[in-house]
There are 2 protein chains.
Amino acid sequence: MSRATLIVAGGTGTRFGGSIPKQFQLLRGRPLLSWAVEAFHVSDPEMPIVVVLPEPHIDLWRTLCIGHGFHVPHAVVAGGTERFHSVKAGLGTVQGDPVLAVHDGVRPLPSAELIARCFTQAEDQGSAIPVMPVTFSVREVDTDGSRSLDRARLRNVQTPQCFRASILREAFALPYDPAFTDEATLVERTGRRVHLVEGEERNIKVTTPLDMRVANLILEAGS
Amino acid sequence: MSRATLIVAGGTGTRFGGSIPKQFQLLRGRPLLSWAVEAFHVSDPEMPIVVVLPEPHIDLWRTLCIGHGFHVPHAVVAGGTERFHSVKAGLGTVQGDPVLAVHDGVRPLPSAELIARCFTQAEDQGSAIPVMPVTFSVREVDTDGSRSLDRARLRNVQTPQCFRASILREAFALPYDPAFTDEATLVERTGRRVHLVEGEERNIKVTTPLDMRVANLILEAGS
């Protein structure tokens, strides 16, 4: 069964600080986004990789790739402002029915083992979502206050979220809903179950400047 | 209104690695637990601080304090194997009706501002629980599979959890329930609401060796 990867980096915010969005800021001297692209390329050098970016970022990304000598082959597709539209745009470029990994562009450090585990399980089960235990207490707020959730039942959801492309196509044919946060949620709305696999600590999502320094720390330790 | 602090460090696990529990492992050359004790002492040098430890750890802790020249004044009380029993034991040593902060011994880096904010709000509102947004997707698993939660409504709950001592005494008079994870949950069972305040990124819970290195990184940057 063939494989393909969509790497989505739609963030335009500058909440992270700096003059460019975080996916373009440097980790060990090269753009954060390039780490994710490389991780998937290394896992399977023949696999097609599509990077989905907002249209206004495409020239910047190409310039950064040249400037940093980043030559890992990948296609670039213009996405929307929301993840839903970006994944849908990326999906439109995929031929046939490969198992497709959808990965956050700001998760630079998935291991080769994690990537292999997600693809293999999705080949077997139709889907594979990496999750980790939640190590802190969680509350849910509503208009009436807040309530504690049972932490033992919660899972921190990572990416790559892997699915047969045909399953994703069916899900992305649904109308856009602002409540959409990940592919798994959308796939479930088509009545399918998603299959959970074990995630990993090093597969962090870079959301704050501290996270960027943590990514550097993980690379330093080779852990 | 007077203030007091309970610092709870009941962990006995060695899942963290190393020959001693993580609360005794070194951050910048002194035991992790000493950082939390110091943070509360600095916030109010007159405030009574009670450290609750499992009985078998008390001598080790005293020896470590002497060995590392850690002289911040605090009482030590023997707790139970579960957080419920430890907090209850600590509470039994508190006189009068101060506002009481209950803090995780493995959260070494609450800022003075966070501690002040929690105490002040608890003085006003009866309780104060620091929370942060959740930056990743969360699923809830059950016997029937798993379902996505609305991340915008979730909060990462930190400590110190602050309450009037009388409110905590009422809550800890309830029978022990293994589902107990934090003080706020228990207080709510007495029919009270808990008041949420803004937490902070640096106030991490050290659960893994990587977390210990992140704590060191935060200290390096003074951030």
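Just so we're on the same page: letters track the sequence lines, and every chain starts at 1. Predicted, not measured: the structure shown is a model, and the values here were computed from it.
- For the residue pair B:Thr208 and A:Glu201, a side-chain donor N or O sits within less than 3.5 Å of a side-chain acceptor on the partner.
- In the model, A:Ser127 has no side-chain atom that pairs as donor or acceptor with a side-chain atom of A:His195 under 3.5 Å.
- For a residue to count as touching a neighbouring chain, one of its non-hydrogen atoms must lie under 4.5 Å from one of that chain's; by this rule B:Arg193 touches chain A with the side chain only.
- Among the candidates A:Glu188, A:Gln158, A:Arg139, the residue making the largest number of heavy-atom pairs closer than 4.5 Å to chain B is A:Arg139.
- In this structure, the portions of B:Asp144 lying under 4.5 Å from any heavy atom of chain A include both its backbone and its side chain.
- The aromatic rings of B:Tyr176 and B:His85 sit tilted relative to each other, their planes meeting at an angle between 30° and 60°.
- Most heavy-atom pairs under 4.5 Å with chain B, from the set A:Val131, A:Asp150, A:Leu196: that is A:Leu196.
- For the atom pair B:Leu33 CG and B:His57 NE2, the distance stands at 11.0 Å (nearest 0.5 Å).
- Both the backbone and the side chain of A:Arg155 come within less than 4.5 Å of a heavy atom of chain B.
- Minimum heavy-atom separation, B:Ala101 to B:Pro160: CB-CB, 3.9 Å.
- In terms of non-hydrogen atom pairs under 4.5 Å with chain A, the most contact-rich of B:Asn156, B:Thr185, B:Thr135 is B:Asn156.
- A donor-acceptor contact closer than 3.5 angstrom links the side chains of A:Glu200 and A:Ser111.
- For B:Glu140, the parts lying under 4.5 angstrom from a heavy atom of chain A are both the backbone and the side chain.
- A:Arg153 touches chain B through backbone and side chain together, each having a heavy atom under 4.5 Å away.
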